[in-house]
Q: 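The structure's right below; bear with me while I get my questions together.
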Amino acid sequence: QMQLQESGPRLVKPSETLSLICSVSGGPIISNSYSWAWIRQPPGKGLEWIGSVYQSGTTHFNPSLMSRVAISADTSRNQVSLKLTSATAADTALYYCARLAWIVRDMADAFDMWGLGTKVIVS
Amino acid sequence: DIQMTQSPSSLSALVGDRVTITCRASQSIDTYINWYQLKPGTAPRLLIYAASNLHSGVPSRFSGTGSGTDFTLIINRLEPEDFATYFCQQSYTIPRTFGQGTRVEVK
């Protein structure tokens, strides 16, 4: 059974880069059946998809964050990383790493596995 | 971006109640909708994928219906562990977007 664990600094200064790691255990991060995503939840608000990285290395990002975000997969460490530059208070949130599973029968995808999340405060 | 509008934003219910949560997409998304359960301190959980398919390990009291723009998550016979916040999410296009959530509280 795969497990995901997010880690990184809890406190980030404004204008600095927010950097998080998702450590994956119980299976390889590269597969034809799934990709990886970062999702966040600001205090008292809903969920926001940040972006995804696919088996090919292709990435998709939320247009609202595209100019500041990078997501990559490190197969040697079995980790997925998130970097968000020029952090502001609006980036304060609970950050989740999630597995994006591809459901062949329905030609659809879903976030079928999540970490517990890591809280980041920009201040 | 496709807007996902959930209702209600919160509801109060008793154990054993039937709970219905709706989600409306700002444009047709066929059946490309998923439902999740969030509880503080725990990993979010996928309940339903592609509108009506029960994810592995999810109790059968959860069900989903709908297509196009209007969707429903139903919890039959609410259990104590079901008090949580529920989110819909469209997987039709990028950016993936979520509803604002429905908090199910104890009445």
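Reminder, nothing fancy here: chain letters follow the sequence lines and each chain counts from 1.
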Q: Are any non-hydrogen side-chain atoms of B:T102 and B:F87 less than 4.5 angstrom apart?
A: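 When only atoms from C-beta onward are counted, B:F87 and B:T102 do not touch, as no gap falls below 4.5 Å.
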Q: Output the distance between atom CG (A:D106) and atom OG1 (B:T31), rounded to the nearest 0.5 Å.
A: 6.5 Å
Q: Count the heavy-atom pairs under 4.5 Å between each of B:G101, B:A43, B:A50, B:G41 and chain A, then report the option with the highest count.
A: B:A43
Q: How close do A:P28 and A:Y34 get, counting heavy atoms only, and between which atoms?
A: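 It is O-OH, 2.6 Å.
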Q: With chain A as the partner, which of B:S56, B:P95, B:G99, B:P44 has the greatest number of non-hydrogen pairs under 4.5 Å?
A: B:P44
Q: Are more than 12 heavy atoms from other residues, nucleotides or ligands located less than 6.0 Å from atom OH of B:Y92?
A: no
Q: Is any side-chain heavy atom of B:I33 closer than 4.5 Å to one of B:C88?
A: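 The answer is yes; the side chains approach within 4.5 Å.
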Q: Relative to each other, are the rings of B:Y86 and B:F62 parallel, tilted or perpendicular (30° and 60° limits)?
A: tilted
Q: For chain B, find its close neighbours in residues 36-50 of chain A: heavy-atom separation under 4.5 Å, sorted by number, or none.
A: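 Within residues 36-50 of chain A, the residues that come under 4.5 Å of chain B (heavy atoms only) are A:I39, A:Q41, A:G46, A:L47, A:E48, A:W49.
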Q: Count the heavy-atom pairs under 4.5 Å between each of B:Q89, B:Q6, B:Q100 and chain A, then report the option with the highest count.
A: B:Q89
Q: Quiz question: by atom type and distance under 3.5 Å, do the side chains of A:T58 and A:S56 form a donor-acceptor pair?
A: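 Yes, a side-chain donor-acceptor pair sits under 3.5 Å.
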Q: What part of B:L38 is in contact with chain A, defined as an atom under 4.5 angstrom from a non-hydrogen atom: side chain, backbone, both or neither?
A: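 The side chain, not the backbone.
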Q: Under a single-linkage definition using a 4.5 Å side-chain heavy-atom cutoff for Ile, Leu, Val, Met, Phe, Trp and Tyr, are B:V104 and B:L46 assigned to the same hydrophobic cluster?
A: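 The answer is no; the residues belong to distinct hydrophobic clusters.
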Q: Taking the side chain as C-beta and beyond, is there a heavy-atom pair between B:R24 and B:T22 under 4.5 Å?
A: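 In short, these two side chains do not touch, never coming nearer than 4.5 Å.
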Q: B:Y36 versus chain A, heavy atoms under 4.5 Å apart: side chain, backbone, both or neither?
A: side chain
Q: Does atom NZ of B:K39 have more than 12 heavy-atom neighbours from other groups under 6.0 Å away?
A: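 Yes, the 6.0 Å shell around NZ holds more than 12 heavy atoms from other groups.
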Q: Counting only non-hydrogen atoms closer than 4.5 Å, does A:M107 touch chain B with its backbone (N, CA, C, O), its side chain (CB onward), both, or neither?
A: both
Q: Which atoms of B:N53 are under 4.5 Å from chain A, going by heavy atoms: the side chain, the backbone, both sets, or neither?
A: side chain
Q: Do other residues, nucleotides or ligands put more than 12 heavy atoms under 6.0 Å from the CD atom of A:Q3?
A: no
Q: With a 4.5 Å limit on heavy-atom distance, are the side chains of B:S12 and B:V106 in contact?
A: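 Result no, sub-4.5 Å side-chain heavy-atom pair not found.
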Q: Spell out the residues in residues 72-104 of chain A that have some non-hydrogen atom less than 4.5 Å away from a non-hydrogen atom of chain B, in order of number; otherwise answer 'none'.
A: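 Interface residues of residues 72-104 of chain A: A:Y96, A:I103.
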Q: Surrounding CZ of B:R45 (heavy atoms of other residues, nucleotides or ligands, distance under 6.0 Å), is the total greater than 12?
A: yes
